[in-house]
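Each remark here refers to the structure printed beneath this line.
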Amino acid sequence: MSITTTSMPFWKEYPERDSEWVRQYPTKHVAVTEDEVFTPRQMGVYMHIPFCNRLCFSCPYIKFQTERDLTLAYLDALKAEITNYASRPYIQDHVITLGYIGGGTPTSLTAQQLDDLLGHLHSSFTFAPDADFSIETTPIDITERKAKVLLDRGVRRISLGVQTFVEEELKNIGRPSDPEMLKASIRLLQSAGFENINIDLMHGINGQTMEGWEHSLDVAIELGVTCVSFYTYMEFAQVSTKRRKLPPVPDRELVDEMFFFAAEKLTQNGFLGYYGDCFAKPGFQPKYGETSWSDDVPIIPLGPTATGHLRDHWYFNEPDLGKYVQIVREGRLPISMGRHIPKDEAIRRTMVLGIKAGRLNRERFMRLHGVNFLEMFADEIADLVEKGLVTADADGIEVTGPKGWYYLDNISKAFYSPEFRRYPQHLGADITGFISPQRSLPLEIVNSGPQGGCHDH
Ligand code: SF4
């Protein structure tokens, strides 16, 4: 029996069938090299050494007196944690370009221990030839031998906790009180071959005067250090300093004056401002913070309390030293708390950290997130420009010094999502009204952006 039809099927009303079978997209190609396809993505490391050879009474951080057996057990655990990360394919797909070794005092380890630990790090991960590593030290722990080990193992930047070059102020914060010894340790690092030396200075110390602060800055400049970071003396340390019958801390106005004085003096002497209270000679900016923040570089956290950023999560490690060692011995990663970062928060995070780094580049941001932050945050940026806190042009925005550096944390909060704003703040500052009202990002813009080649997935 034959079937007859009385009309054409409905789809015959459409144009002729496409004769090209779609098998690839995009449909036009250019030359591509092996190097382009397999260029490893950059990654950083933060490694924590929670020991000090001498405990300062004014220090609020979690640290332990160096003790041989505890240190050995800890170093074994730390190496096991490194090995655990290194065994993961995701990590193997990256090359280490930067790192930071903090504490405590990392150089409380012996030269041999430092060499062994850094050797394990190098043999476990793939390092870029020009990887930029930074380490913290103190004048009482650094020796010529340790400096040589660090340089041989690729540490390029060293940060020395000086705090002040005034003898009386050193006594008031419980530091070894010989300014000449501090100067000698800087010269030791210079003659060992460190070209990038940061020193930390503190303002707001008990008994500190503007003259004393100026003296410390002058000595730093004369000694030729390449970076000066300054911090306000921690208020909660005052409980113990009161018991010690120390002179009072300078009042808030004077501490603020010290900030502006230092910013002006350092910029007049050829330093550029980073992070608000970190000033570096051109070419010597602290890359760990600057690059990891502005390029959203994933960071492997190693050691208790260490904070990292991997696979769209930021998280920190178990803070309890004993538990940390136990977890690592069991073959697990000591990840404790953190947060998944969805796309819209990743955009805000780069804004917040970029402000903390002092500047944000439009093209760099576009490569990372596929959006133009100058358009996305046009209202917030216009408000900050009007307040004289940032300058903006077609290339991006830059925090205006010294006013913007002073208000750096306020500025960064202009880009927080409403969920993470805090009124009032836990230390009492009232920032209500300082920055314009918050709004949510338009989700259709956030989700339509391409996945940037550098973004960590
Ligand atoms: S050396 Fe640094 S980390 Fe150690 S106790 Fe003193 S201030 Fe704290």
Side-chain angles (χ1 to χ4, degrees), residues 46-68 70-71 74-75 78 100-111 113-114 117 134-143 146-147 150 155 157-179 181-186 188-189 197-208 216 220 225 227-241 243-244 246 249 277-278 286 288-289 301-307 316-317 319-321 324:
Y46 172 80
M47 189 157 67
H48 192 67
I49 308 294
F51 303 112
C52 296
N53 285 333
R54 182 184 193 277
L55 301 184
C56 312
F57 68 74
S58 59
C59 174
Y61 299 110
I62 301 170
K63 71 275 163 187
F64 303 88
Q65 179 75 48
T66 314
E67 194 267 309
R68 189 176 170 276
L70 183 62
T71 307
Y74 177 68
L75 289 176
L78 195 55
Y100 194 93
I101 308 166
T105 308
T107 52
S108 63
L109 301 179
T110 65
Q113 287 168 337
L114 283 168
L117 180 61
S134 192
I135 194 167
E136 293 172 354
T137 188
T138 76
I140 62 164
D141 298 293
I142 193 65
T143 63
K146 288 181 194 177
L150 296 174
V155 177
R157 179 178 184 270
I158 194 155
S159 180
L160 192 72
V162 166
Q163 320 312 351
T164 166
F165 286 105
V166 177
E167 189 173 337
E168 208 48 38
E169 293 173 14
L170 286 166
K171 270 189 209 148
N172 290 347
I173 52 171
R175 301 295 172 117
S177 53
D178 180 4
M181 190 259 276
L182 305 182
K183 294 177 196 169
S185 58
I186 293 171
L188 178 150
L189 291 172
I197 300 172
N198 170 73
I199 63 165
D200 291 344
L201 294 178
M202 270 187 184
H203 55 151
I205 296 173
N206 301 69
Q208 193 174 36
S216 291
V225 298
C227 189
V228 178
S229 307
F230 46 90
Y231 302 94
T232 308
Y233 190 50
M234 295 269 190
E235 285 164 13
F236 44 80
Q238 303 314 311
V239 178
S240 63
T241 57
R243 278 206 313 268
R244 288 166 193 269
L246 294 168
V249 293
D277 45 16
C278 171
Y288 179 80
L302 301 167
T305 72
T307 303
F316 56 87
N317 280 348
D320 182 280
L321 184 61
Y324 164 83

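This is a predicted model, so every value here is computed, not measured. Order of appearance sets the numbers: ligands from 1, and atoms from 1 within every ligand.
Within 6.0 Å of atom CG in L55, more than 12 heavy atoms from other residues, nucleotides or ligands are found, so the atom counts as buried in its surroundings.
Counting protein heavy atoms only, atom 7 (S) of ligand 1 is closest to R175 NH2, 3.1 Å.
Remark: K63 pairs with no residue by the side chain to side chain donor-acceptor pair (under 3.5 Å) rule, at least two apart or across chains. Applying the side chain to side chain donor-acceptor pair (under 3.5 Å) rule to D141 yields the partners N53, T138; only residues at least two apart in sequence or on another chain are considered. Not counting sequence neighbours, the partners of Y324 by the ring-ring contact (aromatic ring centres under 6.0 Å, His included) test are Y74.
Taking every heavy atom of both residues into account, P301 and N317 meet most closely at O-ND2, 3.3 Å.
Inspection of the Q163 and Y231 side chains reveals no N or O donor paired with an N or O acceptor under 3.5 Å.
Under the 30°/60° scheme for interplanar angles, the aromatic rings of F230 and H203 are found to stand perpendicular.
With a 4.0 Å heavy-atom cut-off, ligand 1 is reached by no atom of Q163.
Protein N/O/S atoms found under 2.8 Å from atom 8 (Fe) of ligand 1, listed by chain and residue number: C59 SG.
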